[in-house]
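Reading through the structure tokens given below for one structure.
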There are 2 protein chains.
Amino acid sequence: MTGTINRPTDIPQPPPRDRILSAARKLFYRHGIRAVGVDAIAEAAATNKMTLYRHFGSKDELIAAYLTELAREGDEVWEKLAEEHPNDPRAQLEGWIVFVEQILTDGSDRGCAIANAAVELREIGHPARQIIDAYKTRKRERLVTMFRDAGYAEPEQLADEVFLLFEGARISLQCCSNGPAQRVVKMLRSMLAEHAPPSSTII
Amino acid sequence: MTGTINRPTDIPQPPPRDRILSAARKLFYRHGIRAVGVDAIAEAAATNKMTLYRHFGSKDELIAAYLTELAREGDEVWEKLAEEHPNDPRAQLEGWIVFVEQILTDGSDRGCAIANAAVELREIGHPARQIIDAYKTRKRERLVTMFRDAGYAEPEQLADEVFLLFEGARISLQCCSNGPAQRVVKMLRSMLAEHAPPSSTII
DNA sequence: ATCCGGAGTTACCGGTCAGTAACATAGGTG
DNA sequence: CACCTATGTTACTGACCGGTAACTCCGGAT
């Protein structure tokens, strides 16, 4: 009995809601949303279906929570870039490109989970659709702002081009092996070099 | 009785296999592959499940046939461009851009059906995957050839860029309303103008 | 000690899924 | 005519789906 060091609730695992969301995330992304049943999620979360339904009223709600979490993390990438390079949009842009490069050369990328959800959930009234739409629209606007702040001319056209290039790269990773996605970072750099802002003076 | 003009088998409808494939095509594209059951397909084809299973041994086989048909039609677009403008790769390229414009401004586009299938069918051994991969790889190579024949420098880089832009546009149509996909044709034209082939002489 | 809320367990519901068996009905061919 | 093949029809299987009811259990608060 010497080892009873007052650790009754040592929380060896996070609360069930977190476990469920984490399991859903892994399974949804790996196998697809429609391909994964709630039983499988509950089991992967080391819990049961009842607990799942106490925290998420339905599978659609769980999907919405899953997408909301993904969108929040996507937003945090931009916030982190902004606070790591305050008042330095060029450095933020460079940081974003590095981030893009990491994703596309990861090797385990199965595309943008949010875009994949858009493909799988086509019912017009589905709660996921507005989350998806809002996130992608927000992302595009962030790109526009970034290019504008970085001094590029015609930031909207440039942002659209970069946006589509990136989206295309991620979907292509799922379609064709050895696809053109590997070269997207080089494309971005040469594209930015071509449209380089007129005043690249350093203070 | 004047109208009995010896039309006993007037074939008011195509054979069941064609009807099934056509119904599958419509439903798969509209609602997604996993969201549509074989019963719904059979009913939409004005036949029954048994006949469906006599022509296609399983749902996966039907999916494979569906994708094979789509891929063949996709290939035919290129073949038609080639025979409409023989020995005129510039005109072929222009024709392809018009084709792209039609798709993206259609208003009812739900993305590339083949890419969507890649998102939905993630099982590694699925018969659909090689059809998808082969088609997208073929498409990319066609673009490379077209740009090379049209005299563009670095046709592979250009083809990859155009490929990703187009793929990104089609997936974005499903993600964000009022997305940047509308401007992709202008992007293509300005991009091609920038990388215009050195010898644009006519004959 | 009592209570209570969150979590786990088991069993179940109706519905739908992919796939099959058995049989009836044509139509065309010999 | 008989025969054969393609199609249609009905009913069924077993598995799984999303979702729920009823119950137990446990830990923490009062």
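Chain letters run A, B, ... following the sequence lines, proteins first and then strands; every chain starts at 1.
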- Item | Footprint string (nucleotides 15-21 of chain C, 5' to 3'): B base within contact, S backbone only, - free, heavy atoms under 4.0 Å | ---BBBB
[X] [atom1] to [N] [atom2], straight-line distance once rounded to whole Å:
| X | N | atom1 | atom2 | value |
| --- | --- | --- | --- | --- |
| Leu52(A) | dT9(C) | CG | P | 14 Å |
| Gln13(A) | dA7(C) | CD | P | 11 Å |
| Ile20(A) | dA7(C) | CD1 | C1' | 10 Å |
| Leu62(A) | dC17(D) | CG | C1' | 15 Å |
| Asn48(A) | dG6(C) | CG | C1' | 11 Å |
| Glu43(B) | dT7(D) | CD | C1' | 18 Å |

- Query: Could you give all pairs that pass the ring-ring contact (aromatic ring centres under 6.0 Å, His included) test and reach residues 101-136 of chain A, with sequence neighbours left out?
  - Reply: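 Output for this query is empty, none listed.
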Phosphate-side-chain proximity, [X] and [N], N/O vs OP1/OP2 below 4.0 Å:
| X | N | result |
| --- | --- | --- |
| His55(A) | dA7(C) | yes |
| Arg19(B) | dT7(D) | no |
| Thr51(A) | dA7(C) | no |

- Message: Whether Glu94(A) and Arg90(A) form a salt bridge (side-chain N of Lys/Arg under 4.0 Å from carboxylate O of Asp/Glu) is what I want to check.
- Response: no
- Is the closest basic N to carboxylate O distance between Arg148(B) and Glu156(B) below 4.0 Å?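 Yes, this pair counts.
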- Message: Would the base of dG8(C) count as contacting Arg54(A) through its side chain, where contact means a donor and an acceptor less than 3.5 Å apart?
- Response: yes
- Message: Just so I know, are the side chains of Leu104(B) and Phe166(B) near enough to count as touching, which here means a heavy-atom distance under 4.5 Å?
- Response: yes
- Query: With a 4.0 Å cut-off on heavy atoms, is Arg17(B) in touch with a base, just the backbone sugar-phosphate, or nothing at all?
  - Reply: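 Since no nucleic acid heavy atom lies under 4.0 Å of Arg17(B), the category is nothing.
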- Message: Would Trp78(A) and Gln92(A) count as a side chain to side chain contact (heavy atoms under 4.5 Å, CB included) here? Give the steps.
- Response: CA-CA 8 Å; Trp78(A) 293 89; Gln92(A) 292 174 25; over 6 Å; no
- Go through Leu143(B) and Trp96(B) one step at a time and tell me if the side chain to side chain contact (heavy atoms under 4.5 Å, CB included) criterion holds. CA-CA 10 Å; Leu143(B) 273 172; Trp96(B) 184 74; 4.1 Å; yes
- Message: Applying salt bridge (Lys or Arg N to Asp or Glu O under 4.0 Å), can you list everything that pairs with Glu101(A), at least two apart in sequence or on another chain?
- Response: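 Glu101(A): no salt bridge (Lys or Arg N to Asp or Glu O under 4.0 Å) contacts found.
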